[in-house]
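Notes to accompany the following structure.
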Amino acid sequence: MVGVKEHFLVTGGARLEGSVSVVGAKNSVLKLMSAALLAEGTTVLHNCPQISDVTYMVKVLEGLGCTARADGERVEITVPEVISPDADIDAVRQFRASVCVLGPLTARCHRAVVALPGGDAIGNRPLDMHQSGLEKMGAATRIEHGCVVAEAEELHGAQINLDFPSVGATENILTAAVLADGTTVLDNAAREPEIVDLCHMLREMGAQIEGEGSSTITVTGVKKLHPVEHRVVGDRIVAGTWAYAAAMTRGDVTVGGIDPAHLHLVLEKLRSAGAGVETYPTGFRVTQERRATAVDYQTLPFPGFPTDLQPMAIALCSVSQGMSVITENIFESRFRFVDEMTRLGADATIDGHHVVVRGREQLSYAPVWSSDIRAGAGLVLAGLCADGVTRVNDVHHIDRGYPGFVEDLCRLGARVERVADE
Ligand code: UD1
């Protein structure tokens, strides 16, 4: 319900069993919606998740002069010949991914003004690599009055080496390079499946791109792109969340709508923890017979273990047999979640960017607070292993990333209720 604060009541003890299917990835759809700005005309996206961030992105695109509409799993965006370069609107501040309009606006309008985004409380999220990439292509950039501003009379191809394979910087550089004059070689590029999805859509639009999914992506700019229909890649983080839910509840869950190769390491980790994992062309099944065994984790850029599944990994470790060390290498504030886990009785100690977790047979119910999308989902999973009813507050965070979360959980046999705050 819009405007009403809600919480979830999660009753522990149920074993999750059955099938669930994921739709398109939040971390892809928002970038694809933004890439639509690169071509005049009507772009249609299928398999879109029905989440609040898509609604916010619709508002951002409307603010730029487009007509945009989300109708179920279909999003339609009509881009006029002339769009506004100015995304300094309230909608932009609502969510982090809005910064992905920077590349397309710089390419289309030769100027972009994008309010510095809001988003998750997971750590400091600078834009220095986004800016220096655009600067290498001939843009001047600055931060001014709470906005990032990019200006370029003409964008040209460049050799760009990222210090770190940043997902967002890779996306903004690619979406600027597709209309630049000449060839851009991006080294140490992010390799996430959502980057590959973006490159596929850009290529369908007429862009010349090679090397997506590897660390070096080469883009030769073209004069004009055309609108397309595109199906969004399945959400590996939502799929991974279901895999962990199965392992935590000693359940048996089949997940569809996802290429299991996108979760290769995640599924390997679950195997190491004692789960049975079967993979299919568009899904996988996780079964867990006995209490999981402790496993160590390190978050890393793809194909490493995703930082977005770190809370789920900690939740599983907190009920596993033995001691685990989880190392967070991407976002420094992500361990805020650990304090909430401690409230649920988890034995977890933070030491810098490591957390040491000693598994317990059972967690103890308590009121807890979501601080970001993934932390919220991790707390719900932990609540499934508690000895009573856990109240998970601030669930609007979870709603930003998990379409139909409660419905899917209940279909699998969990006891979870959505309740308006009193
Ligand atoms: C995206 C995902 C997020 C995921 C993350 C890492 C979206 C909307 N969000 O975020 O869910 O957790 O990838 O897989 O797709 N950095 C800099 N300077 C920059 C850019 C990034 O220092 O210019 C740092 C960040 O602070 C962070 C690290 O690089 O420590 C990774 O950030 P990045 O890969 O850019 O993540 P996002 O694109 O913000």
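Predicted, not measured: the structure shown is a model, and the values here were computed from it. Order of listing sets the numbers, starting from 1, for every ligand and every atom in it.
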Task: For ligand 1, the portion of I237 having any non-hydrogen atom under 4.0 Å away - done: neither
Task: Flag for T42-T78: side-chain donor and acceptor within less than 3.5 Å - done: yes
- [ ] Considering the heavy atoms of G168, write down every atom of ligand 1 situated less than 4.0 Å from one of them.
- [x] 35 (O), 38 (O)
Open item on the list: Between L38 and M205, is there a side-chain heavy-atom distance shorter than 4.5 Å?
Closed with: yes
Open item on the list: Using a 4.0 Å cutoff against the non-hydrogen atoms of T307, which atoms of ligand 1 qualify?
Closed with: 6 (C), 12 (O)
Open item on the list: Minimum heavy-atom separation for G103 and N172, please, with both atom names.
Closed with: N-OD1, 2.8 Å
TODO: Would you kindly specify which portion of R374 sits under 4.0 Å from ligand 1, judged on non-hydrogen atoms: side chain, backbone, both or neither?
DONE: neither
Task: Check: I330 N/O within less than 3.5 Å of ligand 1 N/O - done: yes
TODO: Looking only at distances, please establish whether an N/O atom of ligand 1 is found under 3.5 Å from an N/O atom of P165.
DONE: no
- [ ] Using non-hydrogen atoms of the residue, decide whether P126 is closer than 4.0 angstrom to ligand 1.
- [x] yes
Open item on the list: Between I209 and T218, is there a side-chain heavy-atom distance shorter than 4.5 Å?
Closed with: no
Open item on the list: Is it the case that ligand 1 has an N or O less than 3.5 angstrom from some N or O of K31?
Closed with: yes
TODO: Quick one: pull up OG1 in T43 and CE in M33 and give me the separation to the nearest 0.5 Å.
DONE: 10.5 Å
TODO: For ligand 1, indicate whether the residue E171 contacts it via side chain, backbone, both or neither (heavy-atom separation under 4.0 Å).
DONE: neither
Open item on the list: List ligand 1 atoms under 4.0 Å from F164, heavy atoms only on the residue side.
Closed with: 28 (C), 29 (O), 31 (C)
TODO: Mark yes or no for whether S370, through its side chain, and D372, through its backbone, hold a donor-acceptor pair below 3.5 Å.
DONE: no
Task: Donor + acceptor pair across side chains of R334, T307 (<3.5 Å) - done: yes
Task: Side chain, backbone, both or neither: the part of D128 lying under 4.0 Å from ligand 1 by heavy atom - done: both
Task: Nitrogen or oxygen atoms of D308 and ligand 1 under 3.5 Å apart - done: yes
- [ ] Taking only heavy atoms of L127 into account, list the atoms of ligand 1 that are under 4.0 Å away from them.
- [x] 23 (O)
TODO: Cation-pi check, K269 to Y297: give yes when NZ or CZ is under 6.0 Å from the six-membered ring centre and within 45° of the ring axis, no otherwise.
DONE: yes
Task: For atom 23 (O) of ligand 1, the option (of M129, E192, R334, E328) bearing the nearest heavy atom - done: M129
Open item on the list: Test of understanding: given a 4.0 Å heavy-atom threshold, classify the contact between F302 and ligand 1 as side chain, backbone, both, or neither.
Closed with: neither
Task: NZ/NE/NH1/NH2 to OD/OE distance under 4.0 Å, R418 and D399 - done: yes
Task: Contact check: V167 vs ligand 1, nitrogen or oxygen atoms, below 3.5 angstrom - done: yes
Task: Pair W242 + F405: ring centers closer than 6.0 Å - done: yes
